[in-house]
Amino acid sequence: MAAPRYKTLVDALAADIRTGRLAPGARLPTHRALAAREGIAVVTATRVYAELETMGLVSREQGRGTFVREMAVPAGHGIDQQAVATDAVDLNFNYPSLPGQADLLRQALREVATSGDLESLLRYQPHRGRPQDRASLARHLGRRGISADADRILIANGAQHGLAITVMAMLSAGDVVAVDALTYPGFKVLAHAFHLDLEPIPTTTDGPDLDALEKLCATRPVRAIYTMPTLHNPLGWVMPATDRTRLIRIARQHGPLIIEDASYAYLVEDPPPPLAATAPDITVYVSGLSKSIATGLRVGFVLAPPAAVPSLERAIRATTWNTPALTTALVCRWLDDGTVNHLEARKRQDARMRQALARQELAGLPLIGHASSYFIWLPLPDDARADRLTATLARRHISVTTAEPFTTSTHTPQAIRLALGSTDLDTLRSTLRTVRRLAVEDAYA
């Protein structure tokens, strides 16, 4: 049986892209022009381009057209990226580490090994964590301005697992979730896995466009609002207190749950109160200690309204039964003895130093970021191609991220995100100089 006409056209265009006859960055004909050229309906041309996009061969940009992707950059460059080659400088992921952390770990392991409850750590634990560990986290949250009962806290395998159990417990397939037009890729992955309907909210310089959010909530059944009010990833904003108050008012008026992601909040000194502090009855607060301590110590936590705790506990039981007791006990010792506070203060200082270095080496480029953030956003001119620049950098053994993994709207901005926390300062300085030179040559020429 002959293949449908549109399938033949998909195969022909895919072959042209893969063999290089259609070069990366090439603009393809408009849907109408392709239809006229091939003698097909416009709706069929649209279907052709949709299949090519699903295959990761083209990208569609609202108002600009359809472009051949740079095939040297994986379609999922970002959270789905494979491990960076050992000879590459990683400006894609952040795993900041401080001198002396390994010694702290050795000492902590010795202390746990000689503690009286070591054997208990080898057994199954309560699904949401031991009461004493949840009490340690409650005291930790108190230092962040949140008065939290330990009974409302559940311990997870990192903040990503915390987000996953929140989605599993609180949302259903087809639910509408309001998100920023640029947001954390890990939440996008969860939304896809659980078939959520993400509605992008345009952004301003210091937060989501709340007029747009209010209009969305008035016109669609928004079930949840996913937000990063303190140190947004990737744009680095800190939402003002007045905007936080208004966001809570919108949620109370229209009924959606607030999912507050505070993974990077520890980097900001004296931020406005968390949403969970002001609206604990409608907010699920998700954070972790992997960023502030070490990425290999996967301890996260969820602070939830009391009514949500049983469902969240059930999701933990379904996904991991309980979090590793040994790791949790170690981390909670550090919470109680001040080690975490010490590490967070040092990482804030380290992040400020790296951010200042980046602004020095990338001077003259339109940078977006917070002064104590471990990442920086570099918008490119509208006629530039972020995937081309990313591929150019990859050939120089430098790994960065395009805007694609962060984008929830139909328009993917031409931009790259630079993670600053995963290499030593001398390497970071020289690498940023290379980034600047290649960005100027490739995008700003």
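In what follows, every heavy atom counts, from backbone to side chain, and hydrogens, waters and symmetry copies are set aside.
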Okay, side chain of T283, backbone of Y285: is any donor-acceptor separation there less than 3.5 Å?
no

How are the rings of Y226 and F187 set relative to one another: parallel (under 30°), tilted (30 to 60°) or perpendicular (over 60°)?
parallel

Check whether any side-chain heavy atom of L289 sits under 4.5 Å from a side-chain heavy atom of L335, and report yes or no.
yes

Run through V268, L267, L275 and flag the one making a side-chain contact (heavy atoms from CB on, under 4.5 Å) with T230.
V268

Chi angles and distances behind the side chain to side chain contact (heavy atoms under 4.5 Å, CB included) call for Y374, D350:
CA-CA 9 Å; Y374 272 118; D350 181 59; 2.7 Å; yes

Heavy-atom check, side chain of L425 versus side chain of R429, under 4.5 Å
no

Test T320 against H161 for side-chain hydrogen bond (donor to acceptor under 3.5 Å, both in side chains), laying out the working first.
CA-CA 9 Å; T320 192; H161 183 231; 5.4 Å; no

Are H127 and W321 an aromatic pair by the rule of ring centers under 6.0 Å?
yes

In terms of side-chain heavy atoms, does S372 have a donor or acceptor partner in R352 at a distance below 3.5 Å?
no

Between D424 and T427, is a side-chain hydrogen bond (donor to acceptor under 3.5 Å, both in side chains) present by the stated rule, with each step listed?
CA-CA 5 Å; D424 65 84; T427 301; 2.8 Å; yes

Look at atom CD of Q349 and say whether more than 12 heavy atoms of other residues, nucleotides or ligands are closer to it than 6.0 Å.
no

Heavy-atom donor-acceptor pair, R130 side chain to Q125 backbone, under 3.5 Å:
no

Compute both the distance and the angle, then confirm whether R417 meets the cation-pi test with F406: under 6.0 Å from the six-membered ring centre, within 45 degrees of the axis.
no

Could you tell me whether a side-chain N or O of E361 sits under 3.5 Å from a main-chain N or O of L432, the two making a donor and an acceptor?
no

Please examine the side chains of D151 and R134, heavy atoms only from C-beta on, and report whether any two atoms are closer than 4.5 Å.
yes

As a quick check of understanding, evaluate side-chain hydrogen bond (donor to acceptor under 3.5 Å, both in side chains) for R139 and S136, giving each step before the final call.
CA-CA 5 Å; R139 291 189 291 271; S136 293; 3.2 Å; yes

Do S399 side-chain atoms and L91 backbone N/O form a donor-acceptor pair below 3.5 Å?
no

Between T278 and R244, is there a side-chain heavy-atom distance shorter than 4.5 Å?
no

For residues H397 and V89, determine if any side-chain heavy atom of one lies less than 4.5 Å from a side-chain heavy atom of the other.
no

Side chains of V299 and I155 in contact at under 4.5 Å (non-hydrogen atoms)
yes

Validation row: L326, L330 side chains within 4.5 angstrom (heavy atoms)
no

State, yes or no, whether a side-chain contact exists between F194 and V177 at a heavy-atom distance under 4.5 Å.
no

Geometric cation-pi criterion, K291 with Y264: 6.0 Å, 45°
yes

Is D281 paired with R252 through a side-chain N to carboxylate O contact shorter than 4.0 Å?
yes

For the side-chain contact (heavy atoms from CB on, under 4.5 Å) test, which of L182, N233, I416 pairs with W377?
L182

If you apply the rule side chain to side chain contact (heavy atoms under 4.5 Å, CB included), what do you find for R436 with R433, and how did you get there?
CA-CA 5 Å; R436 187 185 194 286; R433 287 175 181 171; 5.8 Å; no

